Amino acid sequence: MRFNKFVFGGILILGAVVFLIASSTQATQEYFLTVDELNQKGSSVVDKNLRVSGAVVGDSIQYDANDLTLTFDVAHVPGDNAALETEGGLAVALHEAVIDPTRSRMKVVYVGPKPDLLRNEAQAIMTGHLGEDGIFYAEELLLKCPTKYEEAVPEQAG
């Protein structure tokens with residue numbers, strides 16, 4: 001009888017731990033997508049935690065300093081390193097994405113201070129969610145400008 005109580009208690013505790021791990025994993029799960037992949041998934045990813053990467057289209061950048069609202073468009077850049085290398089590297093892929101009007105694009109809204117690296121052809125990695133209106137609402141914005149560091153790489157490598 002005593003042994004059954006311990007087995008039952010152990011199973012109950014184990015079940016609670018598995019439930020907590022599963023529920024917390026689902027709540028914080030993020031999908032990493034390109035702009036094309038996000039457009040293909042459409043309404044199935046609305047209001048889900050997402051991380052999206054794209055090239056900033058410089059002409060679309062608008063910043064309202066009064067309410068700290070930043071809006072801009074991002075163009076599709078391949079997420080696969082092999083595809084980036086066939087395009088000539090990240091800097092070339094970002095440039096091609098911005099100048100190609102046939103690439104899919106997405107509007108982004110971010111509330112916060114305007115980042116110094118936000119400029120044309122910067123790589124934007126945004127964490128947030130897609131609204132029902134088709135606009136991506138970023139909660140976190142990371143920028144990478146490969147042309148700024150392009151010349152320093154060969155010197156460091158040698």
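None of the values given here were measured: they were computed from a predicted structure. FYI, the numbering just counts along the sequence from 1.
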Could you tell me the separation between the [atom1] atom of [X] and the [atom2] atom of [Y], rounded to the nearest 0.5 Å?
| X | Y | atom1 | atom2 | answer |
| --- | --- | --- | --- | --- |
| Asn120 | Phe72 | CG | CZ | 12.0 Å |
| Leu117 | Leu141 | CG | CG | 10.0 Å |
| Ser43 | Glu132 | OG | CD | 9.0 Å |
| Leu90 | Lys144 | CG | NZ | 5.5 Å |

Can you see which heavy atom on [X] is nearest to which on [Y], and at what distance?
| X | Y | result |
| --- | --- | --- |
| Ser53 | Ile125 | OG-CG1, 4.2 Å |
| Leu94 | Ala55 | CD2-CB, 3.5 Å |
| Val77 | Ala97 | CG2-CB, 3.8 Å |

Passing option when Leu130 is tested against Asn39, Val45, Val52, Leu33 for side chain to side chain contact (heavy atoms under 4.5 Å, CB included):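 Testing Leu130 for a side chain to side chain contact (heavy atoms under 4.5 Å, CB included) against Asn39, Val45, Val52, Leu33 leaves exactly one candidate, Val45.
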State yes or no: do [X] and [Y] share one hydrophobic cluster built from I, L, V, M, F, W and Y residues joined by side-chain heavy-atom distances below 4.5 Å, directly or via other members?
| X | Y | result |
| --- | --- | --- |
| Leu143 | Val109 | no |
| Leu118 | Leu68 | yes |
| Met106 | Ile61 | yes |
| Val56 | Leu50 | yes |

For Glu139, all residues meeting salt bridge (charged side-chain N to carboxylate O under 4.0 Å, His left out), sequence neighbours excluded: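 Once residues adjacent in sequence are excluded, Glu139 has no partner under the salt bridge (charged side-chain N to carboxylate O under 4.0 Å, His left out) criterion.
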Under the side-chain hydrogen bond (donor to acceptor under 3.5 Å, both in side chains) test, residues paired with [X] that sit two or more places apart:
| X | value |
| --- | --- |
| Asp133 | Tyr137 |
| Ser104 | Asp36 |
| Thr102 | Asp100 |

Test item: Leu70 and Val111 side chains (from C-beta on) under 4.5 Å apart, heavy atoms: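 No; the side chains remain at least 4.5 Å from each other.
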Asn49 side chain reached by Thr127 side chain, heavy atoms, under 4.5 Å: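 Of all side-chain heavy-atom pairs linking Asn49 with Thr127, none is under 4.5 Å.
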Test side chain to side chain contact (heavy atoms under 4.5 Å, CB included) applied to Ala138 - qualifying residues, sequence neighbours left out: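 Residues passing side chain to side chain contact (heavy atoms under 4.5 Å, CB included) with Ala138: Val108, Tyr110, Met126, Phe136.
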Listed partners of Asp59 passing side chain to side chain contact (heavy atoms under 4.5 Å, CB included), at least two apart: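 In terms of side chain to side chain contact (heavy atoms under 4.5 Å, CB included), with neighbours along the sequence ignored, Asp59 is linked to no residue.
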Charged N-O contact under 4.0 Å between Glu37 and Arg51: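 Here Glu37 does not pair with Arg51 in a salt bridge, since their nearest N and O are not under 4.0 Å apart.
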Inter- and intrachain pairs under ring-ring contact (aromatic ring centres under 6.0 Å, His included), touching residues 75-107, at least two apart: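 Sorted result for residues 75-107: empty, none.
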Side-chain donor or acceptor of Arg103 paired with backbone N/O of Glu96 under 3.5 Å: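 No, the answer is negative, given that no donor and acceptor are paired below the 3.5 Å cut-off.
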Of all pairs that satisfy side-chain hydrogen bond (donor to acceptor under 3.5 Å, both in side chains), the ones with a partner from residues 63-73, not counting sequence neighbours: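 Listed by first then second residue: Asp67-Thr69.
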